[in-house]
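What follows is a short report on a single structure.
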Amino acid sequence: MKILVCISHVPDTTSKINFTEGDTKFDTNGVQFVINPNDEFGLTRAMWFKEKQSASVDVVNVGGAETEPTLRKALAIGADKAIRVNAEATDGFFVAKQLAAVVKDGGYDLVIAGRESIDYNGGMVPGMVAELTGANFVNTCIGLEVDGTSATAVREIDGGKETSNTSLPLVIAGQKGLVEESDLRIPNMRGIMMARKKPLTVIDAVDAAKETTAVKFEKPAPKGAVKLVDADNIDELINLLHNEAKVI
Amino acid sequence: MSVLVYTESEQGKLKKAAFEVASYAKEVANQLGTTVTAVTINANDTSELGTYGVDKVLNVSNDKLNNFNAKAYAATLHQAAEKEGAKVVIVSSSADSKSVAPILAVNLDAGYASNVVAAPSNTSPFTVKRTAFTNKAFSMTEINSDVKIVGVSNNAFGLVENAGDAAAEAFAPNLDDSLFGVKVDTVDKVTGKVTIADADIVVSAGRGLKGPENWGMVEELASVLGAATACSKPVSDLGWRPHGEHVGQTGKPVASNLYIAIGISGAIQHLAGINASKVKVVINTDPEAPFFKAADYGVVGDAFEVVPTLIEKLKEFKANNA
Ligand SMILES: Cc1cc2nc3c(=O)[nH]c(=O)nc-3n(C[C@H](O)[C@H](O)[C@H](O)COP(=O)(O)OP(=O)(O)OC[C@H]3O[C@@H](n4cnc5c(N)ncnc54)[C@H](O)[C@@H]3O)c2cc1C
Ligand SMILES: Nc1ncnc2c1ncn2[C@@H]1O[C@H](COP(=O)(O)O)[C@@H](O)[C@H]1O
């Protein structure tokens, strides 16, 4: 089985979010970038397929040279090979078209992406890749087993989960649950050394239109101070929620 | 030319989110000077859609669609959009709509903006406000393609009545077997419980509750309020609560009217995921807990005393206001 794990390169969850150039660009100053958490779950599941079912695992990112340390980290965790499509990732559809070209070119059976990137939160790339490549698709995936070309996938739905039978080629959008938090791996020294020697191929983008443009960013309005209610005066809390906030 | 809206149902009954996206579609249609056509799949009574501005309903009734199927649902909407000549398609932020929209975007060669929180600020270029960086910011996004898909965040636009009558019409999409490459085997769903996605009120608890055995009062508070229950990440990592309840940046997003956080410190990753909620209440023993900076109302106190009192007082309040 040939697996491709899509990796988006995102600000660490603790990052302060600021913008520059008249609020048109994300300010990367002082920001630490990481493998998108949803992709980390997917990569970990891919490692399981590699170890238990002899799958090959490649990772891919659509981005500039600055994303290479993130791809190297994925190699250090255990991926075999990395591909970077050299283009700025500003539109989900554009990114999906790049990834679809990589999938077709590499003949991948299973594409593991994440539910959403925690930066732009598009939640669209995996479904688009599936449709562009004619693969089956399972979103918000919290369980995946593959047996030959058959697969069983669990999708998180509102208020529960749904188990489906499907087949390769398949694209899933993973999230926590696909593996447990405790299964996540931190690259060790040996992995880091080996990653330096693994291939990281840079390819040119295919022609594709950008269907959306983020023209300006805004930060939420600053919050007013909290109204404290005495623990002995819960009636007051109910009164505020009913008469002031009007939520009960 | 009309605006197409996918109005979801659950076991034949239209969901509340369906009326919200219908309200949104009506606003877009007003801006564009056109009408609203809704699509329903195996819904029983769709007359109420008229109340929220829908002019015409395409009712799809097909046993093959009893279970959700992303490609078949997308094909249905694709064919409806072509039939109506729709240039704008509106969907919700439910798990199902979020699975369908990217496929539909490819089918229609349409740009898709998800998590949209307000009506378009402009229709040419078509510009919407969406959340980004997990609620730490908003992005004004232009959709440049000819056909556009807008995914509306839950509870962001609200329900707007535009009383009218929706003319119902049967619609039979052509569904090729090749669409059904994913076959649902089992659906495991808690019935009779409000889901986080649909809830007006969410009651959430964290590690401050010490152990899973103490969740009875959280469940009870939720039940008194008709709320969904949720939890912080460590609580689900520890197995105290199911993963489906984990909210935050790496869990489910919450955009309820009221979010009550009990024994949750308010870490940045937690707040990012719940910040879209309109009113936030925190109950925590530590007045320095960061959640107090993010909340509207706070009680510094022990959850094991405050929550039972709150339940009791709310029961009285509900009885008096019934
Ligand atoms: C990559 C990454 C992603 C993450 N994503 C998420 C996410 O999506 N969601 C999420 O929630 N977290 C997330 N986290 C974890 C986050 O950083 C915090 O660790 C977590 O939110 C803390 O959970 P908590 O508030 O329940 O526990 P704690 O931080 O341990 O807080 C417990 C609180 O309970 C209070 N308390 C104790 N006893 C009582 C009592 N008797 N009555 C009332 N209050 C009491 C304490 O004062 C304290 O404030 C993420 C972390 C990382 C690194
Ligand atoms: N620039 C990118 N390069 C590689 N994979 C990406 C990129 N952007 C998004 N993805 C994948 O698509 C998933 C969903 O991203 P998004 O649709 O942007 O929210 C991510 O979790 C990744 O797996």
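These numbers were taken from a predicted model, which means no experiment stands behind them. Proteins get letters first, then strands, A, B, ... in listed order; numbering begins at 1 in each.
- Of the possible donor and acceptor atoms, none in the side chain of B:R130 sits under 3.5 Å from a partner among the backbone N and O of A:A214.
- Neither the backbone nor the side chain of A:F41 comes within contact range of chain B; no heavy atom of the residue lies under 4.5 Å from a heavy atom of that chain.
- Summarising the geometry of A:M124 relative to B:Y112, their closest heavy-atom pair is CE-O, 3.0 Å, with the distance given to 0.1 Å.
- No more than 12 heavy atoms of other residues, nucleotides or ligands lie within 6.0 Å of NZ in A:K25, so this atom counts as exposed by the packing criterion.
- From B:I268, atom CD1 reaches atom CG of A:D12 across 9.0 Å, with rounding to the nearest 0.5 Å.
- Counting heavy-atom neighbours within 6.0 Å of B:K293 NZ, excluding the residue itself, gives a total of 12 or less.
- Contact count versus chain A (heavy atoms, under 4.5 Å) is highest, among B:I143, B:D296, B:V279, for B:D296.
- Under the 3.5 Å distance criterion, the side-chain polar atoms of A:N165 are left unmatched by any main-chain donor or acceptor of B:V182.
- Contacts of A:K223 with chain B are made by side-chain atoms alone, with heavy-atom separations under 4.5 Å and no backbone atom involved.
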Discussion item. The test is side-chain contact (heavy atoms from CB on, under 4.5 Å); show your working for A:E211 and B:D109 and say whether it passes.
Written reply: CA-CA 9 Å; A:E211 313 277 16; B:D109 197 16; 3.3 Å; yes
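- Counting heavy atoms of neighbouring residues, nucleotides and ligands inside a 6.0 Å radius, atom NZ of A:K16 does not exceed 12 of them.
- Note that CZ of A:F26 and OG of B:S139 are 13.0 Å apart. Values are rounded to the nearest 0.5 Å.
- The two residues A:P220 and B:F138 make their nearest non-hydrogen contact at CA-CE1, 3.9 Å.
- In this structure, B:T134 contributes its side chain and A:I118 its backbone to a donor-acceptor pair below 3.5 Å.
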Practice prompt. Go through the steps to decide whether B:K252 and A:E156 satisfy the test salt bridge (charged side-chain N to carboxylate O under 4.0 Å, His left out), and finish with yes or no.
Written response: CA-CA 10 Å; B:K252 280 204 175 62; A:E156 183 169 89; 2.9 Å; yes
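- Annotation for A:L237 and B:Y297: closest pair CD1-CB, 4.0 Å, computed over non-hydrogen atoms.
- Neither the backbone nor the side chain of B:A74 has a heavy atom closer than 4.5 Å to any heavy atom of chain A.
- For B:K183, the parts lying near chain A are the backbone and the side chain together; criterion is any non-hydrogen pair under 4.5 Å.
- With hydrogens and angles disregarded, no donor-acceptor distance shorter than 3.5 Å links the side chain of B:S114 to the backbone of A:G123.
- The number of heavy-atom neighbours closer than 6.0 Å to CD of A:E88, taken from other residues, nucleotides and ligands shown, is 12 or below.
- Minimum interatomic distance between B:F68 and A:E162 (heavy atoms only, all atoms of both residues): CB-OE1, 4.0 Å.
- For the set A:L240, A:V247, A:T13, A:D230, the entry with the most heavy-atom pairs within less than 4.5 Å of chain B is A:T13.
- Most heavy-atom pairs under 4.5 Å with chain A: of the set B:A197, B:G301, B:A295, this distinction falls to B:A295.
- Among A:S15, A:P126, A:A151, the residue making the largest number of heavy-atom pairs under 4.5 Å with chain B is A:S15.
- For chain A, the option among B:D302, B:I103, B:T195, B:N257 with the highest count of heavy-atom pairs below 4.5 Å is B:I103.
- Chain B is approached within less than 4.5 Å, heavy atom to heavy atom, by A:E131, A:L132, A:G134, A:A135, A:N136, A:F137, A:V138, A:N139 from residues 131-149 of chain A, ordered by number.
- Partner of A:L241 under the side chain to side chain contact (heavy atoms under 4.5 Å, CB included) criterion, chosen from B:L225, B:V281, B:L314: B:V281.
- For A:N29, the CG atom counts as loosely surrounded, since its 6.0 Å shell holds 12 or fewer non-hydrogen atoms of other residues, nucleotides or ligands.
- Chain B forms more heavy-atom pairs under 4.5 Å with one residue of A:T166, A:I234, A:D158, A:N38 than with any other, namely A:D158.
- Between A:M128 atom CE and B:L104 atom CG the span is 9.5 Å, to the nearest 0.5 Å.
- In this structure, chain B has a heavy atom under 4.5 Å from the backbone of A:A130, while its side chain stays farther away.
- Contacts between A:K97 and chain B at a heavy-atom distance below 4.5 Å involve the side chain alone, from C-beta outward.
- Between chain B and the residues A:I238, A:D232, A:I157, the most heavy-atom pairs under 4.5 angstrom are made by A:I238.
- At a 4.5 Å heavy-atom cutoff, the contact between B:A110 and chain A is made by backbone atoms alone.
- Counting heavy-atom pairs closer than 4.5 Å to chain A, the top residue among B:G111, B:P102, B:S256 is B:P102.
- Dense packing is recorded around CD of A:E66, with more than 12 heavy atoms of other residues, nucleotides or ligands lying under 6.0 Å away.
- A salt bridge links B:D237 with A:K176; the closest basic N to acidic carboxylate O contact falls under 4.0 Å.
- With respect to chain B, the highest number of heavy-atom pairs below 4.5 Å among A:V229, A:D119, A:V10 belongs to A:D119.
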Worksheet item: For A:T213 and B:N144, what are the C-alpha separation, side-chain angles and deciding distance, and is it a side-chain contact (heavy atoms from CB on, under 4.5 Å)?
Response: CA-CA 8 Å; A:T213 321; B:N144 313 315; 2.9 Å; yes
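- Heavy atoms from other residues, nucleotides or ligands lying under 6.0 Å from CG of B:N321 number more than 12.
- The greatest number of non-hydrogen atom pairs below 4.5 Å with chain A, out of B:Q249, B:E245, B:Q269, B:K98, is found for B:Q249.
- Residues A:F217 and B:M140 are not in side-chain contact: their nearest non-hydrogen atoms beyond the backbone lie 4.5 Å or more apart.
- Rounded to the nearest 0.5 angstrom, B:H243 NE2 and A:E181 CD are separated by 8.5 Å.
- Across B:T186, B:V306, B:I201, the residue that shares the most heavy-atom pairs under 4.5 angstrom with chain A is B:T186.
- Taken to the nearest 0.5 Å, the OG1 atom of A:T152 stands 8.0 Å off from the CG atom of B:D185.
- Of the listed residues A:K219, A:E116, A:E180, the one with more heavy-atom pairs under 4.5 angstrom with chain B than any other is A:E180.
- Separation of atoms OH (A:Y120) and OG1 (B:T131) is listed at 13.0 Å; rounding is to 0.5 Å.
- A pairwise comparison of heavy atoms in A:F93 and B:A105 identifies CE1-O, 3.6 Å as the closest pair.
- Of all the heavy atoms in A:R115 and B:T250, the pair that sits closest is NH2-C, 4.3 Å.
- A salt bridge links B:D96 with A:R155: at least one charged nitrogen is closer than 4.0 Å to a carboxylate oxygen.
- Applying a 4.5 Å heavy-atom cutoff, the residues of residues 227-236 of chain B that approach chain A are B:K233, B:S236.
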